[in-house]
Trainee: 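Have a look at the structure that comes next, please.
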Amino acid sequence: MIVFTGKGVFGGIAIGKIAVYGKKEQKVKRQRVEDTQAEIARFEQAKNQAIEQLGKLYEKALHEVGEANAMIFQIHQMMLEDPDYCDSITNIIGTQSVNAEFAVATTADNFAQMFTSMDDAYMKERAADVRDISERLISILSNGQGRSFSSDEPVIIMAEDLAPSETVQLDKDKVLGFVTAKGSTNSHTAILARTMNIPAVINIGIELSPEYDGMLACVDGFTGTVYLDPNEQTLSQMKEKQERDLQQRALLQQLKGQENVTLDGQKIKIYCNIGNPSDVGGVLKNDAGGIGLFRSEFLYLENSDYPTEEEQFLAYKQVAETLAGKEVVIRTLDIGADKQVEYFNMPPEENPALGYRAIRICLDRIEIFKTQLRALLRASAYGKIAIMFPMITSVQEVQDIKQIVEEVRADLDSQGIPYDKSIQLGIMIETPAAAIISDELAKEVDFFSVGTNDLTQYTLAIDRQNQKLERFYNPHHKAVLRLIKMAADNAHKNGIWIGICGELGADLALTETFLAMGIDELSVSAPYVLPLRKKVRETDIGKVRDRLLSEL
Ligand code: PEP
Ligand code: MG
């Protein structure tokens, strides 16, 4: 038995044969061509074919894993049309009189190296994308000799890394799990694995060997462990664990329609986080009580230009209508830092996480903000929308926001456009400053929602994007928990409600603590709704409240 450890990115146990998804060496030979114009035309043709293929992949992914995850194929289409990328290829063909395959491979190496050497984590990840689109082009140019995977029986895919386009093309009925030698928690492959409900372990950091192909293996997505050629004892332990997991999942289904109430009668709302109208299916399927965080910036991120008021209105209206009167908390634009939108033309910053982002941009570029607010208010006539503002640090910001909201309301009134006059306005508590002055902020708004991802980053001074710091990023740190408690106490003293929409809301080890604090709502990714409901229903909070609070 060989044991590898990596990072589990989606829980679950997979047991089956390994299929090594090795890179079929794309042996690109340098060949001299006489007619460079014809070679450039061959490249152009291959490019158009690749764009068409990606369009089909986008449609497939849209259907299977939702718009936010399908977006990568649109990005790849855009990258294929990037003038710098294309100029480099045609220039190499023209000046060196070489074949298109060689020009593409050389450009891929140059661009990937350039991206890898950038400081920005987001740009680093683009290196994999540029290789992915280039491999597609080379494969088309050389008549489809790329790497592929086919199997008659379901298998565990083991790969150096998987590009998003490869991941989504895999026949899900044939994939029991993923194991990759490389990859980061934030990679699209990790995100797709979660969305596809497939146990996955990434970053096992080994050299892949063709010998592994066909070997029996167990993937434990909970612990991030892979057992190759497991001994009898391990195999039976894994089978038991798998059985327990499946039973658990089946049992959770019985919780649909049940209340989120503790044994001693304390209730809490369990809502979902979404990034796109197409994520609403998961919200309903998992029986969430509403949407606690709609990250509206995805509407901007997937567009190549500012989404119009009408486009935004339709997206918000669709979500509000589908939720049929259940609460939908929509957060205004939170771009900047890792979420860069090209058409905003924002200059690079030394410290983007501490920089020009979220509400700071909106309060600066008021027309963009007002367009979104108009769309949100108009959509509020079709359901129960609440508006939430990110990255707040001062009372003045909230007062400025409210003034702008008033102006937009006055415009709508003068035009006789309907909207929900009692719409709730809330803020995210995701900076230590906001938590510390939450007594004053609570007097200005209808609700708080704690963004624990950023609150942890800013409280502990740890860049949440930096993989090297993962072991220091501790959202259980007392400083973070005390700030949440402080905000909860101040919210309740002032008669407003408080939720948690950061990842910590789904952390079952803290559910009792949050109940003890009197948190009113937890907003989590769809697959975590029912496990959280179970945890709440098993808790007798009266028995542990005092102890938990005294430990903070
Ligand atoms: C957070 O910071 O916890 C949060 C929910 O917002 P985001 O992760 O989008 O920054
Ligand atoms: Mg945040």
Side-chain angles (χ1 to χ4, degrees), residues 68-69 71 121-122 184-186 190-191 194 269-276 279 283 288 290-302 328-341 351-362 372 386-393 397 426-435 438 441 447-466 469-470 473-477 479-481 483-484 487-488 498-507 510 514 519-526 528-529 532:
N69 296 309
M71 219 169 72
Y122 176 81
S184 77
T185 328
N186 294 324
I191 295 167
R194 285 188 207 112
K269 291 174 181 164
I270 302 183
Y271 287 3
C272 270
N273 294 347
I274 66 163
N276 209 284
D279 297 334
V283 179
I291 291 172
L293 170 63
F294 177 173
R295 290 179 161 100
S296 72
E297 58 273 13
F298 282 100
L299 298 178
Y300 292 74
L301 283 163
E302 68 193 26
V328 179
V329 180
I330 306 183
R331 177 174 76 184
T332 58
L333 184 62
D334 182 10
I335 57 160
D338 57 314
K339 292 178 240 167
Q340 291 294 335
V341 185
N351 291 305
L354 301 179
Y356 193 53
R357 59 171 291 199
I359 204 66
R360 298 166 187 180
I361 299 173
C362 289
Q372 178 167 39
I387 307 179
M388 176 158 77
F389 304 97
M391 279 296 288
I392 297 298
T393 55
E397 284 163 351
I427 56 170
M428 293 204 54
I429 301 290
E430 54 182 345
T431 63
S438 52
L441 291 169
F447 66 93
F448 287 160
S449 185
V450 185
T452 53
N453 310 335
D454 277 317
L455 187 62
T456 307
Q457 150 164 274
Y458 296 124
T459 306
L460 305 183
I462 285 172
D463 177 358
R464 65 191 257 198
Q465 296 293 117
N466 190 334
L469 298 178
E470 266 186 38
Y473 184 93
N474 173 20
H476 286 220
H477 195 295
V480 177
L481 298 177
L483 287 175
I484 300 176
I498 180 167
I500 295 179
C501 62
E503 295 301 298
L504 208 57
D507 188 335
L510 285 172
F514 294 148
I519 297 292
D520 301 285
E521 175 247 25
L522 295 169
S523 190
V524 298
S525 305
Y528 298 102
V529 170
L532 197 48

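Sequential numbering from 1 along the given sequence is applied to the chain's residues. Just follow the structure's listing: the first ligand is 1, and inside any ligand the first atom is 1. The figures here come from the full heavy-atom set of this structure, side chains too, leaving out hydrogens, waters and symmetry mates.
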Trainee: Return yes when K339 approaches ligand 1 closer than 4.0 angstrom through a heavy atom, no otherwise.
Mentor: yes
Trainee: What do we get for L455 next to ligand 1 when only non-hydrogen atoms under 4.0 Å count, side chain, backbone, both or neither?
Mentor: neither
Trainee: With a 4.0 Å cut-off, would you call R295 and D279 a salt bridge?
Mentor: no
Trainee: Before accepting this row, confirm whether a basic side-chain N of the pair R357/D334 lies closer than 4.0 Å to the acidic partner's carboxylate O.
Mentor: yes
Trainee: Which is closest to atom 10 (O) of ligand 1 in terms of heavy atoms, M391, R464, E503, E430?
Mentor: R464
Trainee: Evaluating non-hydrogen atoms only, which member of A353, G451, G292 is closest to atom 1 (C) of ligand 1?
Mentor: G451
Trainee: Rounded to the nearest 0.5 Å, what separates atom OG1 in T459 from atom CG in L483?
Mentor: 5.0 Å
Trainee: Look at E297 together with R331 and state whether they make a salt bridge at an N to O cut-off of under 4.0 Å.
Mentor: yes
Trainee: For N/O/S atoms only: which one belongs to D454 and is nearest the Mg ion (ligand 2)?
Mentor: OD2
Trainee: Okay, side chain of Q372, backbone of L333: is any donor-acceptor separation there less than 3.5 Å?
Mentor: yes
Trainee: Nearest to atom 5 (C) of ligand 1, what protein heavy atom do you find, and at what distance?
Mentor: R295 NH2, 3.5 Å
Trainee: Considering distance alone, does some N or O of E297 sit under 3.5 Å from an N or O of ligand 1?
Mentor: no
Trainee: Which protein non-hydrogen atom lies closest to atom 6 (O) of ligand 1, naming both residue and atom, and how far is it?
Mentor: R331 NH1, 2.9 Å
Trainee: Provide the number and element of each atom of ligand 1 under 4.0 Å from a heavy atom of L293.
Mentor: 5 (C)
Trainee: Which heavy atom of D454 sits nearest a heavy atom of E430, and at what distance?
Mentor: OD2-OE1, 3.1 Å
Trainee: Hey, is the main chain of S525 close enough, under 3.5 Å, to the side chain of N273 for a donor-acceptor pair?
Mentor: no
Trainee: So which N/O/S atom does E430 have closest to the Mg ion (ligand 2)?
Mentor: OE1
